[in-house]
Amino acid sequence: MQLCGFEVGLKKPFFLIAGPCVIESETLALETAGMLKEMTDKLKIPFIYKSSFDKANRSSLKSFRGLGLEEGLRILSLVKKQIKVPVLTDIHEDTPLDEVASVVDVLQTPAFLCRQTNYIQKVAATNLPINIKKGQFLAPWDMKNVVDKARAVGNDKIMVCERGASFGYNNLVSDMRSLVIMRDTGCPVVFDATHSVQLPGGLGDKSSGQREFVPDLARAAIAVGVAGIFMETHPNPDAAPSDGPNMWPIDQLETLLSRLVEIDRVVKG
């Protein structure tokens, strides 16, 4: 599959989707995008910058959701122009898709919405590449039905993304078999290494996470064989207003990516 000017698939080097969970400021977006572009250029990893203008699925009404549509799209547009990287963002059921699609290169559907037929088809009808996150409640083989809905409107630029499965309350586990099973959709498979260590609602009014396991799960996914890795990152995760406990520190990311490149070369060699 062609994605943002590069080819992706199980026989191609993995690509990276990365950035802060939510757009906090123009300065942070430009700084993190610049840092990520520099390290991915160095490691020859195809890269898409990710950040959200609105996190509509936060645990609490009081939680920070982002800067909103207008300011968020302005900043993402600036990242594209100044840093010269493709950009991805989340969209929700009430998102004005035409407006977002005029700015971003890839759309991402949140895991909670993967069963919503009208929503999935509406997003797919933009004909942009879509990263569909598998619901925490969904079996991997059920993603074929989700992909069929998206393809029914004529979009064949679909990716499927594993981000952990619910295991009791406030906990997720990553079943690496899922990465193999979802290949049957015929779509590139992406592994979300940071949301997979999330503890949803684990802090009562917000989610917790086990950041220390990000490298282990990322290495395991690359060893199984995936088309891409999704990873949220931040200069200071402990101070981040959204998903800090499961984001990986950006100053430690290059070391981790270097190891992933080594494993990926062996697996796909």
Side-chain angles (χ1 to χ4, degrees), residues 3-5 16-37 47-114 116 118-133 150 153 155 157 159 161 163 192 194-195 205-207 230-237 239-244 246-247 250:
L3 176 67
C4 301
L16 178 70
I17 299 170
C21 174
V22 68
I23 300 170
E24 299 174 34
S25 69
E26 177 184 310
T27 300
L28 182 71
L30 290 172
E31 285 181 354
T32 53
M35 293 171 70
L36 289 164
K37 184 177 189 303
F47 167 58
I48 300 169
Y49 182 77
K50 180 271 169 189
S51 207
S52 302
F53 58 82
D54 179 23
K55 300 297 292 185
N57 49 9
R58 295 300 307 275
S59 298
S60 168
L61 185 62
K62 300 175 183 178
S63 297
F64 178 72
R65 287 177 52 168
L67 300 181
L69 178 69
E70 184 177 345
E71 179 66 358
L73 290 182
R74 183 190 71 80
I75 291 172
L76 288 173
S77 180
L78 203 59
V79 167
K80 278 185 70 171
K81 291 174 183 175
Q82 289 195 16
I83 311 300
K84 301 188 185 330
V85 291
V87 297
L88 171 152
T89 198
D90 298 295
I91 66 293
H92 301 281
E93 288 181 301
D94 58 352
T95 300
L97 291 178
D98 290 344
E99 199 170 339
V100 178
S102 69
V103 172
V104 307
D105 302 279
V106 184
L107 298 172
Q108 180 167 276
T109 60
F112 288 129
L113 297 177
C114 71
Q116 300 301 107
N118 292 350
Y119 165 76
I120 290 293
Q121 293 198 314
K122 188 175 164 185
V123 175
T126 65
N127 210 37
L128 282 180
I130 306 170
N131 187 34
I132 301 179
K133 290 205 164 183
V153 299
N155 192 337
K157 299 184 288 291
M159 298 169 281
C161 183
R163 51 96 72 233
D192 181 342
T194 46
H195 286 105
D205 62 349
K206 57 186 175 182
S207 292
F230 176 104
M231 207 179 300
E232 289 184 340
T233 185
H234 195 281
N236 185 6
S242 178
D243 275 359
N246 50 264
M247 279 199 281
I250 199 166

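We're numbering straight along the sequence, starting at 1.
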Closest approach of Leu73 to Val103 (non-hydrogen atoms, all atoms of both residues): O-CG1, 3.8 Å
Side-chain donor/acceptor of Lys157 to backbone N/O of Asn127, under 3.5 Å: yes
Interatomic spacing from OG in Ser51 to CG in Leu76 - rounded to 0.5 Å: 6.5 Å
Distance, nearest 0.5 Å, that separates OG1 of Thr109 from CD1 of Ile130: 7.0 Å
Minimal non-hydrogen separation, Ile120 against Cys114, with atom names: CG1-O, 3.7 Å
Short side-chain donor-acceptor distance under 3.5 Å, His234 and Asp243: no
Heavy-atom closest contact (Cys21 atom, Ser242 atom, distance): SG-OG, 3.2 Å
Any donor-acceptor N or O pair under 3.5 Å, side chains Thr194, Asp192: yes
NZ-CZ distance between Lys133 and Phe112, expressed to the nearest 0.5 angstrom: 11.0 Å
Check: Tyr49 and Ile83 side chains under 4.5 Å, non-hydrogen atoms: no
Side chains of Pro235 and Leu28 in contact at under 4.5 Å (non-hydrogen atoms): yes
Side chain to side chain, Thr89 and Val100, heavy atoms closer than 4.5 Å: yes
Closest non-hydrogen atom pair between Val153 and Ala125, with its separation: CG2-N, 3.8 Å
CG on Leu67 to CD1 on Ile23, rounded to 0.5 Å: 6.5 Å
Close side-chain approach of Leu69 and Asp54, heavy atoms under 4.5 Å: no
CA sep, side-chain torsions, deciding dist, call: Thr32, Ile250, side chain to side chain contact (heavy atoms under 4.5 Å, CB included): CA-CA 8 Å; Thr32 53; Ile250 199 166; 4.1 Å; yes
Shortest non-hydrogen contact between His195 and Phe230, atoms and distance: ND1-CE2, 3.7 Å
Rounded distance (nearest 0.5 Å) linking atom CD1 of Ile75 with atom CD of Glu24: 10.5 Å
Rounded distance [0.5 Å steps], CZ in Arg74 versus CD in Glu26: 4.5 Å
Val22 versus Arg65, closest heavy-atom pair with distance: CG2-O, 3.5 Å
Validation row: Lys50, Val106 side chains within 4.5 angstrom (heavy atoms): no
Close side-chain approach of Val79 to Leu30, heavy-atom, < 4.5 Å: yes
